[in-house]
Amino acid sequence: MEDRKINEIQKLLDQLEIQIIHFDTSKPTISKSNVGWHIEHTLLTLSAVSKALTNSNPGDYKWKFNFIRMIVLTMKKIPRGKAKVPEVVRPKENYSMESLKDHLSKTKAKIEELNTISENKYFEHPVFGNIKLKQTIRFLEIHTKHHLDIIKDILKDEG
């Protein structure tokens, strides 16, 4: 469904794919992590969140006001260097160009599955709390753009 912005996430994944060739490029003044780490983290996040949405029980959903969620989803921006990456989406250092391409392909398929799940499914974010499908998709778009921006800054002036 178009209003779910799945198409936008797929376009962002296409942009990530283009950057895979730079996976070992780093710029410590921008990020402690290299381009491959940012790609792998983004793919791990998309996959983990997709799985959590699919497996959620809408009957367990509880809404609670969350100021940080409201700011991030409204401003469509994640501040740099403020969040601690949860272990489940922290890349291991053994990724390669081939493993990133494979993971990207699998992630695209998982994202596509979001078109078929109920609007009442939700994801429990470690900072934002419970967010339903529509807001979760908006978060995934913002999160992916955040890491693409970091990648672009790492690659700036690389030639």
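Just so it is clear, the values below take in all heavy atoms, side chains as well, and ignore hydrogens, waters and symmetry mates. All values derive from a computational prediction rather than experimental measurement.
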Side chain of [X], backbone of [Y]: donor and acceptor closer than 3.5 Å?
{"X": "Asn130", "Y": "Tyr61", "answer": "no"}
{"X": "Ser56", "Y": "Pro58", "answer": "no"}
{"X": "Thr74", "Y": "Ile71", "answer": "no"}
{"X": "Lys110", "Y": "Ser50", "answer": "no"}
{"X": "Asp24", "Y": "Gly36", "answer": "no"}
{"X": "Lys27", "Y": "Lys156", "answer": "yes"}
{"X": "Ser47", "Y": "Thr107", "answer": "no"}

Just how far is it from atom [atom1] of [X] to atom [atom2] of [Y], taken to the nearest 0.5 Å?
{"X": "Glu124", "Y": "Ile131", "atom1": "CD", "atom2": "CD1", "result": "10.5 Å"}
{"X": "Lys101", "Y": "Ile20", "atom1": "NZ", "atom2": "CD1", "result": "7.0 Å"}
{"X": "Lys152", "Y": "His38", "atom1": "NZ", "atom2": "NE2", "result": "14.0 Å"}
{"X": "Thr144", "Y": "Ile39", "atom1": "OG1", "atom2": "CD1", "result": "11.5 Å"}
{"X": "Leu140", "Y": "Glu8", "atom1": "CG", "atom2": "CD", "result": "12.5 Å"}
{"X": "Ile9", "Y": "Ile111", "atom1": "CD1", "atom2": "CD1", "result": "5.0 Å"}

Any chance you could lay out the side-chain contact (heavy atoms from CB on, under 4.5 Å) test for Glu119 and Lys132, step after step, and finish with the verdict?
-> CA-CA 7 Å; Glu119 293 279 339; Lys132 284 196 177 180; over 6 Å; no
Indicate yes or no: at least one non-hydrogen side-chain atom of [X] is less than 4.5 angstrom from one of [Y].
{"X": "Asp153", "Y": "Arg80", "value": "yes"}
{"X": "Glu112", "Y": "Gln10", "value": "yes"}
{"X": "Leu46", "Y": "Leu13", "value": "yes"}
{"X": "Leu44", "Y": "Val88", "value": "no"}
{"X": "Glu40", "Y": "His103", "value": "yes"}
{"X": "Lys84", "Y": "Arg90", "value": "yes"}
{"X": "Leu16", "Y": "Ile151", "value": "yes"}
{"X": "Lys77", "Y": "Val72", "value": "no"}

Nearest heavy-atom pair of [X] and [Y]: which atoms, and what distance?
{"X": "Phe123", "Y": "Leu53", "value": "N-CD2, 3.9 Å"}
{"X": "Ile154", "Y": "Asn34", "value": "CD1-C, 4.5 Å"}
{"X": "Pro79", "Y": "His146", "value": "O-CE1, 4.1 Å"}
{"X": "Leu133", "Y": "Ser118", "value": "CD2-O, 3.6 Å"}
{"X": "Gly129", "Y": "Asn66", "value": "N-ND2, 4.1 Å"}
{"X": "His22", "Y": "Val35", "value": "O-CB, 3.3 Å"}

Among Ile, Leu, Val, Met, Phe, Trp and Tyr joined by side-chain contacts under 4.5 Å, find the other residues sharing a cluster with Ile18 and list them by chain and number.
->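 Members alongside Ile18: none; it stands by itself.
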Are any of the side-chain nitrogens in Glu87 or Lys92 under 4.0 Å away from the carboxylate oxygens of its partner?
-> yes
Does a salt bridge link Lys108 with Asp14, judged by any charged N lying under 4.0 Å from a carboxylate O?
-> yes
Glu141 atom CD, over 12 foreign heavy atoms within 6.0 Å =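 Atom CD in Glu141 is packed in, count exceeds 12.
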Has Phe65 got more than 12 heavy atoms of other residues, nucleotides or ligands less than 6.0 Å from its CZ?
-> yes
Mind checking ring-ring contact (aromatic ring centres under 6.0 Å, His included) for His41 and listing every partner two or more places apart, or none if nothing turns up?
->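 His41 satisfies ring-ring contact (aromatic ring centres under 6.0 Å, His included) with Trp37, His143, His147 only.
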I'd like to know if [Y] and [X] are part of one continuous hydrophobic network [Ile/Leu/Val/Met/Phe/Trp/Tyr, side-chain heavy atoms within less than 4.5 Å].
{"X": "Phe128", "Y": "Met70", "answer": "no"}
{"X": "Val127", "Y": "Val89", "answer": "yes"}
{"X": "Tyr122", "Y": "Leu114", "answer": "no"}

Donor on one side chain, acceptor on other, Asp102 and Tyr95, under 3.5 Å |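 No - no donor-acceptor pair under 3.5 Å links their side chains.
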